[in-house]
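Single-structure report; data block below.
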Amino acid sequence: MFVFIIVVILLILAFLWYMWFLQKKNNTTLISYKSRATDLKEDKLKEQIKSLEDMKLTGASLESFGKSKKDYSTQRNDTVPKLLADISNAESKNANFNVFGASSALKNIESNLTILEKKSDEIASDFEKIVKSNEQNASTSEVLHEQYEKLRKDILTKSFNYGPATDRLESELNEIAGFLDQEDKLTQQGDHLEARQYLDDAKVKLGLIEDQVQLIVPLYHGLSEVYPGQIEEIESVFDKLIKQQYKFAVDIGNKISTVHDNMEKANEELSSLNFDAVDRNNEKIHSDINELYDELSKEINSKRDVLKQQKPVLDYLNHAKFQHNRLDENIQKLEQNYVLNEDDMELFKEHSKTLSQVREEYDADVQSIADKSIVFSNAEDDFKDIVSKLDNIEAKEKTINDNMNQMLSSEQISRRSVEQYAKRIEIQKKIVEQLRLNGLPEDYLEYFYMVSDEIKKLYDELDSERVNMEDISKQVIVTQEDLENLVQKTDDLRRDVALSEKLLQYANRYADKDAGFKEQLVRAKSLFDDDFDYEQSLKLISEALEQVEPGSVSRIKDTISA
């Protein structure tokens, strides 16, 4: 029981200590809040309000000042006293140990106090803004007036730099003057905030005009100084060339008129400060002027080049015609005895037509030059085209001539080759005759006569009324290959005959010893003597001998090779 009483007493003491601690804490907070609220009640803005009242504000400035002044008065005379009363009530609760009620009231007081302090700062800021607006307006107004006067003087005294844009610039300057006048009136009336708006408008407009001036000067310089001088020079040169009876591929007069029209349009657009349109027109003017310069220069240069090239081109034409005629004579001579390449002859005929055409073209241009009706740049192009065609004809006719020379050279080579072929086949014939055979294999004879006919045909074609060297050259190659084969066949025949004779002679020693061998020997001799099939005879006797005496065939073959 005693312990329980002790515990209860300790709890009561702890509670009382907590209540005392909370009361102390609340009291410290209340002192701080009361100080802040008392500070808000002080008339700190009195001097500033009096100063603003002395400024005799009007309009937006007066409206802003009146609202802020009313809010300030309401705060000091109504809102803050109510807040102080709330603080006093909270102090009373806290003093009477209603610490929890006091804590709850402190939360509301803190929130309201924060709102009031923020509002007080806003009111002070609004007052300061009106004061600064007046100060800034005075400074800005002076700067803008100076900037305006300087720009106005520059535009009026240097209007020659701005051309048709001058009137529009002066109109915009008048607009700025209106802004500044209105600002002066509003400032005098005390409406500093509204006056600030007009100063801002004047500042923006001044910056815009300064930027426009930077664009106008180079644009108008082109329209007033550069392009007129260039087009005047072009017109002067064009008139002189017309008097000299120059002709042009394009309508120069119309192009000059287009430049004048675009210059007029560009000036109109410049008077409206339509810079994009002026840029587009100036680019077109610049491009057209460059094209006009190019056209005039081209005709002047072309005339010089045409007159300079007139005789060389004629000389080249005559030279090409002479070479062509000489080749023609050569062709006509060769055509009597030779079949010429069809593609070369077709190309040669085309050259005849081309030479006639380019000569007609040249004569027409020369006549036009004499009549002073030529566009010299066209004549220059014609001359270049003529020279190009003549270059092509010269190169290809050289190839045709080379082909004919090659044909004649091929004929000589072919004749020598055929003569060699004839000698060589005669040698093959003598080789076979020396074998003193009763007959020859049918396939060998057929091949021999085929090659002989080919050689005879080559002789006939080479001695024909019109030699076709293209066909002969091909046949020479074929005959050479066939002759090589014939030589090989002759060698094979001679080898087979020699070896067969040796083996048949050697085989006689076994004729009476083996009836089967004798039968094979008789058959091999029949193939050799009666059928003239020396290859089969050799094969048959070789196989038979190998049966009775292995290695004998190789041994006998070696004696022949040796």
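Using a cutoff of 4.0 Å between basic side-chain nitrogens and carboxylate oxygens, D460 and K456 are scored as salt-bridged. Using a 4.0 Å cut-off between a side-chain N of Lys or Arg and a carboxylate O of Asp or Glu, R494 and D491 qualify as a salt bridge. With respect to R415 and E411, a salt bridge is recorded, a charged nitrogen being found less than 4.0 Å from a carboxylate O. Ion pair K457/D453 not flagged as a salt bridge, since none of the NZ, NE, NH1 or NH2 atoms sits closer than 4.0 Å to an Asp/Glu carboxylate oxygen. Salt-bridge formation is not detected for the pair E268/K265: no Lys NZ or Arg NE/NH1/NH2 atom is positioned less than 4.0 Å from an Asp or Glu carboxylate oxygen. Salt-bridge check for K398 with D402: passed, with a basic side-chain N closer than 4.0 Å to an acidic carboxylate O.
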Under 3.5 Å donor-acceptor pairs involving side-chain atoms of residues 250-259, not counting sequence neighbours:
residue: D251; atom: OD1; partner: G253; partner atom: N; Å: 3.4
residue: D251; atom: OD1; partner: N254; partner atom: N; Å: 3.1
residue: K255; atom: NZ; partner: E291; partner atom: OE1; Å: 3.0
residue: S257; atom: OG; partner: G253; partner atom: O; Å: 3.1
residue: T258; atom: OG1; partner: N254; partner atom: O; Å: 3.0

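In this structure, S373 contributes its side chain and I369 its backbone to no donor-acceptor pair below 3.5 Å. Checked by atom type and distance alone, the side chain of N392 never pairs as donor or acceptor with a backbone atom of S388 at under 3.5 Å.
Sequence neighbours left out, the pairs with a member in residues 385-396 that pass salt bridge (charged side-chain N to carboxylate O under 4.0 Å, His left out) are D385-K389.
Ring pair F383/Y362: centre-to-centre distance below 6.0 Å.
Counting only heavy atoms from C-beta outward, the side chains of R359 and N318 approach each other to under 4.5 Å. Using a 4.5 Å heavy-atom cutoff, the side chains of S417 and Q480 are not in contact.
Residues D328 and Q332 bring a donor and an acceptor atom of their side chains to less than 3.5 Å of each other.
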Candidate pair Y506 and E549, rule side-chain hydrogen bond (donor to acceptor under 3.5 Å, both in side chains), full reasoning: CA-CA 11 Å; Y506 186 81; E549 186 182 339; 2.7 Å; yes
